[in-house]
Participant: 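Take a look at this one; I'll ask things after.
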Amino acid sequence: MITKKLLIMNKLGLHARAAAKVVSTANKFKSNITLVKGDKNADARSIMKILMLSASKGSDIEIIVDGNDQKDAMKSLEKLFHNGFDEGI
Amino acid sequence: MSIILKGDSVSKGISIGQAIIVNKDRINYVPSFIKKSQCSKEIKKFTNALANLKKEYKKSSKKIKGNDTIIKLMEMQLSFIEDNSFKKNIINKIQNNLFTSSWSISEEYLTIKSSFEDIQDKYIKERLIDIKQMVISLLELLESGDKKDNFNNTNIENRIIITDEITPKDIIDIHYNKGLGVITSHGSKSSHSAILSKSLSLPMIVKAESSKSIIKNNDLLIMDTDSQTIIVNPDNLELKYFKKIQSKRNIIEKDLKKVLKKKTITLDKVKINIMSNLELAEEVKYLNNDCDGIGLFRTEYLYMNRVDLPNEEEQLSAYKKVFKKLKGKPVTLRTLDIGSDKEVSENIKVGEIAKNPALGLRGVRYSLSEKNIFKTQVKAMLRAGYNAHLRILVPMITSLDEIIDAKKLINEAKIELKEAKKKFNNNYDLGIMIEVPACALQADALSEHVDFMSIGTNDLVQYTLAIDRIDDEVSSLYDPTNPAVLYLIKKVIKSCDKSNIDVTVCGEMAGEKIYTKLLLGLGLKTFSMHPQAIPEIKDIILKSDKKKLSRKIYKILECNDLLNRTRLIQSL
């Protein structure tokens, strides 16, 4: 299991389109992936749960990845977050 | 006497027609249970409904092609249906609490709803409407066993639909089955359904609260989205007035259609070429025969949304589709241009993420560093363009050396094709994109080394004015009419005229009617734009006198304040 804290950098935060991107990235891997913000957590394969985190720009998200391909999964998610979900920062 | 109802207009247009009321099943708030022995059957019923809904969405999405907004929206809607925890929670409820599937779904929705109520962000909060619409569709599927296909039938042809809520899929079905408009008692202006109705030009009014209780089946309605009103059973005077407005709008549309059949010649008899921009090879279907070719085929989409790279054969078949439809007219294929505002997929990203992608490894810079990716693409282009008019366009050129290096790689590709005994076009045109001021200023020298140039105004403006137009804080400063930009455009056109090579403007400026006369005045003879913009732009060109415009241009080039310059441009 690996964990990492990532910062939401895009203007709109984890809104629907960004959340959909997290889901499609998570679906490329087999590991269990959880997003944690404060006392709320979300399965990375659930767009609704991710939306409910209500994570705006500047919020810290802890990512927990557990499984055989955890390293690659984390790497992809990191890239996605760093890119501001490909929306520009 | 007529009754007038108010609502929120979502999309534009006037519709006059008879009402058809469609009752959509609402969310069930009454608990219901099953016996333990029915459990697995009930779960099956739910998962089947979910799978069917997914199928329905995919089927509806297929009806609409080539519209990026719609594709993205439908994908997002699908990700709600595929939601992992939604599915898990509902199966748990059936299994552990012995709830019926429909009560499980409704209860799960109520839980989601209360979580969403705590969300501060307005935009995220609004997505509850999309979830609700998905839940309603799912319940419909469950209740009726077979899907009651409310909108996927011909009953709604030429009717105005009155309903509670509407899903994105419904909108597509209504559009497909020729419904005239949609009025909902609930809903919101920013729902996905609303965005869809806008892009399909289907008149829609939401939040017309009493509409369902007042309007009866077959009532005659006037929907006027301009005034956000619905007139129920209008009197003759009202009907006459709105029919007149409606026909006026139709005449304007028809006139534009007539324009398409004419040759594109200015009043002073200068032939102008109007070409099309293309993003997906499939979009070529929507082109009619009136355009003079493809001025820009952005090939980036072939590389996106995938983990691997498209091989030569795959690209070949995509490019061939375009050549086949264009029947000998010029087709401009741009080599891969990634970076900056374009989404970059994992497969084509190299090294660390650039600090400043607009100034980083993009366009030809990327191609020259990833030579094999470039050569594979060029080979596919050369082969697809066999016996056709192929124009290869290289983006983000800043120096002559890059042109020479790119040519070298193209020659290597040709040698390899020869060795592999493949047929290819040896008489293609090679062109460069003018996006960087450095390149525009060297246009005289560069024009001797290429067969055509294409001005990408979006990037040229960005690099000249140091404005990132997707950055909200400075986007208001983005001004394509800044004299520095106009000077560069004029210079490039002049250089190309001198070397007798073709020059195109393919950026957004070419498809915006406020700039058409300005560009003509600057000497432009080839425009390339989104196909939808062609009728309007062509209409303006037919009514313009190029010579007169070019005389007026100097005043604009010398006018340094925006307000006066805008006035001068408008008075052209």
Side-chain angles (χ1 to χ4, degrees), chain A residues 6 8-35 37-59 69 72-73 75-89, chain B residues 72-73 75-89 108-109 111-131 134-135 190-192 304-307 340-346 349 352-358 468-473:
Chain A
L6 298 176
I8 304 279
M9 296 196 284
N10 64 320
K11 205 164 205 149
L12 295 172
L14 259 181
H15 62 101
R17 198 162 291 176
K21 278 197 174 154
V22 172
V23 173
S24 69
T25 306
N27 280 336
K28 283 183 205 153
F29 301 97
K30 292 204 173 75
S31 294
N32 283 322
I33 307 172
T34 313
L35 274 56
K37 188 198 149 212
D39 56 353
K40 284 189 243 175
N41 59 52
D43 179 350
R45 292 183 180 84
S46 164
I47 186 167
M48 295 183 207
K49 290 277 182 212
I50 298 175
L51 288 178
M52 285 179 209
L53 292 177
S54 174
S56 50
K57 182 174 180 172
S59 20
D69 52 4
D72 293 334
K75 222 168 145 188
S76 294
L77 285 166
E78 255 181 281
K79 263 192 183 169
L80 190 64
F81 274 70
H82 278 307
N83 274 348
F85 308 99
D86 304 326
E87 289 168 356
I89 293 158
Chain B
K72 277 196 178 144
L73 275 179
E75 270 171 11
M76 210 185 299
Q77 210 66 30
L78 258 175
S79 63
F80 282 115
I81 299 170
E82 286 167 347
D83 193 293
N84 212 17
S85 72
F86 179 73
K87 187 176 170 182
K88 242 195 269 172
N89 290 349
E108 176 65 11
Y109 170 71
T111 317
I112 295 168
K113 191 176 161 212
S114 71
S115 302
F116 267 76
E117 269 155 14
D118 296 335
I119 293 175
Q120 302 282 326
D121 186 307
K122 215 184 131 205
Y123 179 78
I124 294 179
K125 212 175 180 145
E126 284 271 348
R127 298 282 73 78
L128 183 63
I129 290 167
D130 299 319
I131 297 172
M134 187 264 281
V135 166
S190 56
S191 71
H192 288 163
M304 280 180 187
N305 301 319
R306 57 191 294 163
V307 282
S340 199
D341 63 335
K342 291 164 194 94
E343 287 187 30
V344 185
S345 306
E346 291 296 317
K349 210 177 278 167
E352 285 295 300
I353 291 143
K355 290 247 160 52
N356 199 338
D468 181 357
R469 71 193 175 118
I470 40 181
D471 183 339
D472 290 346
E473 260 129 5

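Within every chain, numbering begins at 1; the chains are lettered A, B, ... in the order of the sequence lines, protein sequences first and strands thereafter.
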Participant: With rounding to the nearest 0.5 angstrom, report the CD to CZ distance, B/E75 to A/R17.
Facilitator: 9.5 Å
Participant: Measuring from A/I50:CD1 to B/S85:OG, what's the distance to the nearest 0.5 Å?
Facilitator: 9.0 Å
Participant: A/L53 versus chain B, heavy atoms under 4.5 Å apart: side chain, backbone, both or neither?
Facilitator: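 Neither part; nothing is under 4.5 Å.
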Participant: Using heavy-atom distances under 4.5 Å, tell me whether B/K125 contacts chain A through its side chain, its backbone, both, or neither.
Facilitator: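 No part of it gets close to chain A.
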Participant: Roughly how far, to the nearest 0.5 Å, is CG of A/N27 from CG of B/N84?
Facilitator: 7.5 Å
Participant: Between atom OG of B/S79 and atom CD1 of A/I47, what is the distance when rounded to the nearest 0.5 Å?
Facilitator: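 That separation rounds to 3.5 Å.
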Participant: Is there a side chain to side chain contact (heavy atoms under 4.5 Å, CB included) between A/V23 and B/E82 once you walk through the steps?
Facilitator: CA-CA 10 Å; A/V23 173; B/E82 286 167 347; over 6 Å; no
Participant: I'd like to know if the side chain of B/D83 reaches the main chain of A/M48, judged simply by a donor and an acceptor atom lying under 3.5 Å from each other, with no hydrogens or angles considered.
Facilitator: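 Answer holds: yes.
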Participant: Under 6.0 Å from the NZ atom of A/K30, do we count more than 12 heavy atoms belonging to anything else shown?
Facilitator: no
Participant: Identify which part of B/I112 has an atom lying under 4.5 Å from any heavy atom of chain A, answering side chain, backbone, both or neither.
Facilitator: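 For B/I112, backbone and side chain are both near chain A.
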Participant: Which atom names give the shortest non-hydrogen contact between A/L14 and B/I124, and what distance separates them?
Facilitator: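 Of all heavy-atom pairs spanning A/L14 and B/I124, the closest is O-CD1, 3.6 Å.
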Participant: Rounded to the nearest 0.5 Å, what separation is found between the CE atom of B/M76 and the NE2 atom of A/H15?
Facilitator: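 It comes to 8.0 Å.
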